[in-house]
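Following: one structure in structure tokens, then a few remarks.
Both backbone and side-chain heavy atoms feed into the values below; hydrogens, waters and symmetry mates do not.
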Amino acid sequence: MSSETRRPTHVITASTGSSLVIEPQEPTATASNLLSENTQKAGSLRYEARFFSEDTAECHADLLFSDWRKHTVARGKQSPAALLEELSELGFSWRDIARMLGVSVPAVQKWRRSGGVSGDNRVQLASLLALCDMVKQPVIHDVASWFEMPLAPGIPVTPIDLFSERRPDLVLEHALGPNDVEEILTAYAPDWRDRYQSNFEVYRDVDGAMSIRQKEE
């Protein structure tokens, strides 16, 4: 008999002194030896690709935000009246400008006529125009209208809302990132599904992109 043959083991019980026979058990197969080498490699690559994608997205978002801050500094060297005039020429109403800056319409009109803008408000004004500069050049036509457009059908959240809540990073992500609407909405309002209940839902399409569709009855 081969030395590898598993023999029954006799065990004497302490309570009765009788002999019990324990049959040898075959080793249980693990997940690793049930999967082929190619399957394991593919799984490893899949996880690596996911983490690489997440790291790349984070790096891209950081670079966008850094570029926006640098451009804000450059725009801040212009007079508030000139900045307001450019925003008006882009098509923004004084009401929307005031809302995004967190001030009243009369305050904006006063800045346009006679200045008197505080340092914080001047930074906000410069940052808004810097943001418009960044999104309009590569992809967005009619920037003011785009700012008024909801991120998704049936969900009343616009880039104006995002900027008003001091989330220019989400505006940049919406305009220049992969545009994952669900992630943007969750970052803006974690309870958005309950808050903005509608007949539409966000889903991942066959190409991997996030899309909107009407809910089935």
Side-chain angles (χ1 to χ4, degrees), residues 57 60-189 192 196 198 200 202 209-212:
H60 182 228
D62 289 343
L63 290 172
L64 282 174
F65 194 75
S66 177
D67 287 346
W68 169 74
R69 294 183 66 178
K70 291 177 182 178
H71 198 51
T72 294
V73 172
R75 276 295 196 175
K77 296 177 182 179
Q78 297 177 251
S79 70
L83 296 175
L84 286 169
E85 191 64 30
E86 284 197 52
L87 287 171
S88 178
E89 290 175 357
L90 287 173
F92 287 101
S93 68
W94 299 124
R95 181 195 61 181
D96 287 339
I97 293 172
R99 181 185 169 196
M100 286 188 283
L101 299 180
V103 298
S104 65
V105 172
V108 172
Q109 293 173 336
K110 178 183 176 182
W111 297 346
R112 190 185 179 202
R113 292 192 305 268
S114 57
V117 184
S118 68
D120 288 342
N121 287 328
R122 182 165 180 164
V123 169
Q124 282 298 110
L125 185 56
S127 70
L128 175 56
L129 198 49
L131 189 61
C132 292
D133 290 337
M134 290 182 66
V135 303
K136 75 179 181 181
Q137 290 181 3
V139 290
I140 305 299
H141 301 283
D142 193 353
V143 175
S145 177
W146 178 82
F147 263 78
E148 296 174 351
M149 187 172 66
L151 273 63
I155 301 176
V157 177
T158 68
I160 289 178
D161 296 310
L162 300 181
F163 192 87
S164 298
E165 293 297 323
R166 302 296 184 263
R167 294 304 305 266
D169 57 317
L170 298 182
V171 180
L172 288 169
E173 185 70 11
H174 182 46
L176 305 174
N179 196 16
D180 190 327
V181 175
E182 186 173 25
E183 288 187 3
I184 293 172
L185 287 170
T186 300
Y188 170 72
W192 66 271
Y196 309 116
S198 71
F200 294 89
V202 180
M210 298 304 297
S211 302
I212 304 294

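Considering CG of L162 and CG of L131, their distance stands at 10.0 Å, rounded to 0.5 Å. Once rounded to the nearest 0.5 Å, the distance linking CG of L128 with CD1 of I97 reads 7.0 Å. Within the model, atoms NE2 of H71 and CG of L129 stand 7.0 Å from one another, a figure rounded to the nearest 0.5 Å. Here L172 contributes atom CG and L64 contributes atom CG; the two are 5.5 Å apart, rounded to the nearest 0.5 Å. Residue R95 holds its CZ atom at 10.5 Å from CE of M100, rounded to the nearest 0.5 Å. Taken from CG in D67 to OG1 in T72, the straight-line distance is 10.5 Å, to the nearest 0.5 Å.
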Residues 103-111, side-chain donor-acceptor partners within the protein, below 3.5 Å, at least two apart:
unit_1, atom_1, unit_2, atom_2, d
S104, OG, A107, N, 3.2

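The salt bridge (charged side-chain N to carboxylate O under 4.0 Å, His left out) analysis of residues 140-150, with sequence neighbours excluded, yields no pairs. Sorted by first and then second residue, the pairs that involve residues 74-88 and meet salt bridge (charged side-chain N to carboxylate O under 4.0 Å, His left out), not counting sequence neighbours, are R75-E86, R75-D133, E85-R112. For residues 142-166, every residue pair satisfying the ring-ring contact (aromatic ring centres under 6.0 Å, His included) rule, not counting sequence neighbours, is listed here: F92-F147, W146-H174.
Listed here is the closest heavy atom pair of L176 and M134: CD1-O, 4.2 Å. Taking each heavy atom of P159 and M149 in turn, the nearest pair found is CD-O, 3.3 Å. Here the shortest heavy-atom pairing between L90 and A144 reads O-CB, 3.4 Å. Here the closest non-hydrogen pair linking A152 and V181 is CB-CG1, 4.0 Å. In terms of heavy-atom proximity, P150 sits nearest to I155 at CB-O, 3.4 Å. Heavy-atom minimum distance, A187 versus L170: CB-CD2, 3.9 Å.
Residues that satisfy the side-chain hydrogen bond (donor to acceptor under 3.5 Å, both in side chains) test with S118, not counting sequence neighbours, are N121. Residues that satisfy the ring pair (Phe, Tyr, Trp, His ring centres under 6.0 Å) test with W68, not counting sequence neighbours, are F65.
Side-chain N or O atoms of S88 include none that pairs as donor or acceptor with a backbone N or O of L84 at under 3.5 Å.
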Applying side-chain contact (heavy atoms from CB on, under 4.5 Å) to I184 and R167, what does each step give before you reach the verdict? CA-CA 10 Å; I184 293 172; R167 294 304 305 266; over 6 Å; no

Dump the intermediate steps for side-chain contact (heavy atoms from CB on, under 4.5 Å) on V157 and W192, then the final yes or no. CA-CA 10 Å; V157 177; W192 66 271; over 6 Å; no

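Heavy atoms of other residues, nucleotides or ligands lying less than 6.0 angstrom from CZ of R166 number more than 12.
Residues S164 and D161 have side chains that never bring a donor and an acceptor to within less than 3.5 angstrom of each other.
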